[in-house]
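One structure is given here, and the rest of the page talks about it.
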Amino acid sequence: MNVNLPQTITPALGGLPPVSAVFTGRDREIGELLRVLEPEAAQTAQASLVAGLAGIGKTELVVQTARRALQKQAWFPGGVLFVDMFGYDPERRLPPEQALDSLLRALSVPPQNIPPGLQDRSRLYRSALAALAGAGNRILVVLDNVSTADQARPLLPTDGLTAAVLTSRDTLDLGARLFELDAVDETSAIDMLDRAVREARGPGDTRVQDSPDDAAAIARSCGDLPLALRIAAALLADSPARPLSSLVQDLAAEHLRLNRLHRRERAVRSAFDLSYGRLDPLHARLFRLLSLNVGPDISTDAATRLAAIDRYEAEELLQDLARAHLIEPGGTWGRWRLHDLVRLYADETGKIHTGADDREAARRRLYDYYIIMASAASYADLPSLVFEEPFFPPRISGVRFTSGEEARAWLESERPNLVAAVTAPKRWDLPGRSAALAWVLGPYLGNRWHLDDLVTVTERVLVASHDPNWSRVSIARVLATLGRELEHHEHEKRGLLACAFKAEARALTIFREHHDRRHEAWALFNFSRTLHADCQLHKASEALAQAAAIFREVGDQEGVDAACSRRHRLYLNG
């Protein structure tokens, strides 16, 4: 095809959106992208794709990079072509043939010479770019907000010289060099908040600098998401007398946070709506259910149980959600996480579909999975652990680990989720299941020296022991187990004894209230150790004497022997 080009090419620099004065925290990403765009770089991919969550700052990153690239005169003397494809807005989505018409006009192709069909337009467009590059007028093509590979493919140059950069919320199958964008770090988030407020109200507005703790709290509530930070800054700019502490309070309630991160035409929820609205029912259901896991991430196996689907199907769905950047791959393969604001969105959306998703049944399945696996792993990891008291959690059959190392690896990877499932806010509690999970988790936390987690779990169970929805006797058995673990490690970390004392005293009280004499005796037996560790030898001896008397009463000779033997040793040591 012969292409007649104008004598001079006017760079399409005016087509770039203006850069933001509050942009910060992306020097590394810009540097990596610039290295791909420089003329001497080996063109190993057809284009570069910047992908990430809605509101993460993809467009701004690319615009900032394009501006810097254009300042290097030898890189893109032909300028830049920028087009917003509106791929996630069903009312404004730009078909590729319409985008090509605009791009060809920007390349000074007379309208009467622009063919009507997609293929012919694409062929002319690519030929024009190749001719310009060959004539020393290399152009940078920027395709913003692309939603599908089909929307972008006809617009990609093929001459090997012209550079193209795309942004998308999805990881598109285009053979492009992929740059996945994460949230900015907290320091950059605070800087962005400060710059945005000063841009709106002038350099004299020092509210962010004057309240660093509140600024950090706002950044965390925004999940360090640039869109949310800009909205927060705009809310502060609207009222120059408003202290940051006021906004911190507004954003503190999770169930209201997405509503409050809204200002005029900007809203975090609206940005997420566009991505969520493209999901089919299977993907949408799993996305909603993932918010039920209160820990920092979730494994493929746990997601499989949560959604009650085949593991292969779960893995496929999770990978698709990751490509759509509604979830993110975790630190290791087979683990997945949600951005904090996306989790809130998924939870709110899930509550609308509570009946259809049967969220209560899904939560029970997830807790059952954690209980069964934690029980099997604890026994496999600690095979030599023997407890003479009836407080050690029973072994749950059905799952086997091939080795102690495999079991320990599972426990270590799932520990944050297991602890979170026990200590989650009240609205997540499942009476009985949370207690059972705390029970099987206690010995592992103690024997593997996760003592801070052990205290956290114990304190949560202590609070739950006053909740009428929980089985009091079951709770007492859990507290007795946790108390023993705490007392056992007092010599390794000071301060555990007070928590152990509260746990065992509460367990003893519950057993007495329910006239559970045998468990009362064993609780006294345990309590004597804590009293001994606290140097209350006389009270420890009295507790053992009471335990021995109750053991005789219920006909437990083994208990009598254990209590008397320990009391004798206590007497000798005292």
Side-chain angles (χ1 to χ4, degrees), residues 1 3 5-6 9-18 37 45-52 54 58-63 65-67 69-70 76 78-133 137-179 274-275 277-278 324:
M1 174 182 292
V3 179
L5 298 174
I9 298 294
T10 302
L13 181 58
L16 272 179
L37 295 179
Q46 190 177 14
S48 298
L49 172 62
V50 178
K58 302 180 292 295
T59 299
E60 186 63 37
L61 172 71
V62 169
V63 170
T65 304
R67 291 278 182 179
L70 288 170
F76 298 104
V80 60
L81 292 171
F82 179 94
V83 59
D84 189 340
M85 301 299 292
F86 296 106
Y88 296 90
D89 188 335
E91 295 183 358
R92 295 195 293 171
R93 185 178 185 276
L94 199 62
E97 54 268 31
Q98 187 175 339
L100 283 167
D101 178 80
S102 175
L103 291 169
L104 286 168
R105 290 170 186 264
L107 289 170
S108 300
V109 175
Q112 63 271 22
N113 292 348
I114 298 176
L118 174 61
Q119 289 188 359
D120 288 339
R121 286 185 179 183
S122 180
R123 192 178 300 116
L124 177 59
Y125 163 75
R126 286 168 171 167
S127 298
L129 291 176
L132 288 166
N137 286 308
R138 184 179 183 236
I139 281 180
L140 172 61
V141 177
V142 178
L143 306 176
D144 191 30
N145 279 320
V146 177
S147 60
T148 66
D150 288 341
Q151 190 186 23
R153 194 172 285 113
L155 281 65
L156 296 180
T158 55
D159 54 74
L161 295 175
T162 304
V165 181
L166 303 83
T167 72
S168 179
R169 300 181 188 183
D170 294 270
T171 303
L172 305 177
D173 185 13
L174 289 168
R177 167 73 181 275
L178 180 62
F179 295 86
L274 295 176
S275 292
R278 301 177 68 246

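- How far CZ of Phe179 is from OG1 of Thr65: 9.0 Å, rounded to the nearest 0.5 Å.
- Taken from OG in Ser102 to CG in Asp84, the straight-line distance is 11.0 Å, to the nearest 0.5 Å.
- Looking at heavy atoms from C-beta onward, Val165 lies in side-chain contact with Leu37 at the 4.5 angstrom threshold.
- The main-chain N or O of Glu97 is found under 3.5 Å from a side-chain atom of Arg121 such that the two form a donor-acceptor pair.
- A heavy-atom distance below 4.5 Å is not found between the side chains of Thr167 and Val146.
- When every heavy atom of Leu100 is checked against every heavy atom of Pro154, the shortest pair comes out as CD2-O, 4.1 Å.
- Here Leu104 contributes atom CG and Ile114 contributes atom CD1; the two are 5.0 Å apart, rounded to the nearest 0.5 Å.
- Between the side chains of Asp120 and Tyr125, no donor N or O sits under 3.5 Å from an acceptor N or O.
- For Asp173, the CG atom sits in a loose shell: 12 or fewer heavy atoms of surrounding residues, nucleotides or ligands are nearer than 6.0 Å.
- In this view, Arg105 and Asp101 satisfy the salt bridge (charged side-chain N to carboxylate O under 4.0 Å, His left out) rule, not counting sequence neighbours.
- Side chains of Val141 and Thr162 form a contact here, defined as non-hydrogen atoms less than 4.5 Å apart.
- Summarising the geometry of Gln151 relative to Gly87, their closest heavy-atom pair is OE1-CA, 3.7 Å, with the distance given to 0.1 Å.
- For Ser127 (side chain) and Arg123 (main-chain N/O), a donor-acceptor pair under 3.5 Å exists by modelled atom type.
- With a 4.5 Å cut-off on side-chain heavy atoms, Leu161 and Leu129 do not count as touching.
- Checked by atom type, the side-chain pair Ser48/Arg177 shows no donor-acceptor distance below 3.5 Å.
- With Asp170 contributing its side chain and Leu172 its backbone, the two residues share no donor-acceptor pair below 3.5 Å.
- Looking only at side-chain heavy atoms (C-beta outward), Ser147 and Arg278 come within less than 4.5 Å of each other.
- Leu174 and Ala152 make their closest contact through CD1-CB, 4.0 Å (heavy atoms, listed as atom of the first residue, atom of the second, distance).
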TODO: Output, in order, the C-alpha distance, side-chain angles, deciding distance and verdict of side chain to side chain contact (heavy atoms under 4.5 Å, CB included) for Val80 and Val142.
DONE: CA-CA 7 Å; Val80 60; Val142 178; 3.8 Å; yes

TODO: Test side chain to side chain contact (heavy atoms under 4.5 Å, CB included) on Ser122 and Leu155 and set out the steps.
DONE: CA-CA 7 Å; Ser122 180; Leu155 281 65; over 6 Å; no

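- Rounding to the nearest 0.5 angstrom, the gap separating the CZ atom in Phe86 from the CG atom in Asn145 is 7.5 Å.
- Contact of the Leu124 side chain with the Val109 side chain is registered, since non-hydrogen atoms from C-beta on lie closer than 4.5 Å.
- You'll find the side chain of Phe82 stays beyond 4.5 Å of the side chain of Val62, heavy atoms only.
- Separation of atoms CE (Met85) and CG (Leu143) is listed at 6.5 Å; rounding is to 0.5 Å.
- Take Asp150 and apply the salt bridge (charged side-chain N to carboxylate O under 4.0 Å, His left out) test, not counting sequence neighbours, and it matches Arg153.
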TODO: For the pair Lys58 and Asp144, evaluate salt bridge (charged side-chain N to carboxylate O under 4.0 Å, His left out) and give the outcome as yes or no after the intermediate values.
DONE: CA-CA 9 Å; Lys58 302 180 292 295; Asp144 191 30; over 6 Å; no

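- Closest approach of Pro17 to Arg67, counting heavy atoms only: O-NH2, 3.5 Å.
- Although no hydrogens or angles enter the test, the distance criterion places no donor-acceptor pair under 3.5 Å between the side chain of Gln98 and the main chain of Leu94.
- Cation-pi geometry between Arg93 and Tyr88 is not met: the NZ or CZ atom fails to fall both under 6.0 Å from the ring centre and inside 45° of the normal.
- The backbone N or O of Leu132 sits nowhere less than 3.5 Å from a side-chain atom of Arg138 that would complete a donor-acceptor pair.
- Counting only heavy atoms from C-beta outward, the side chains of Ser168 and Leu49 approach each other to under 4.5 Å.
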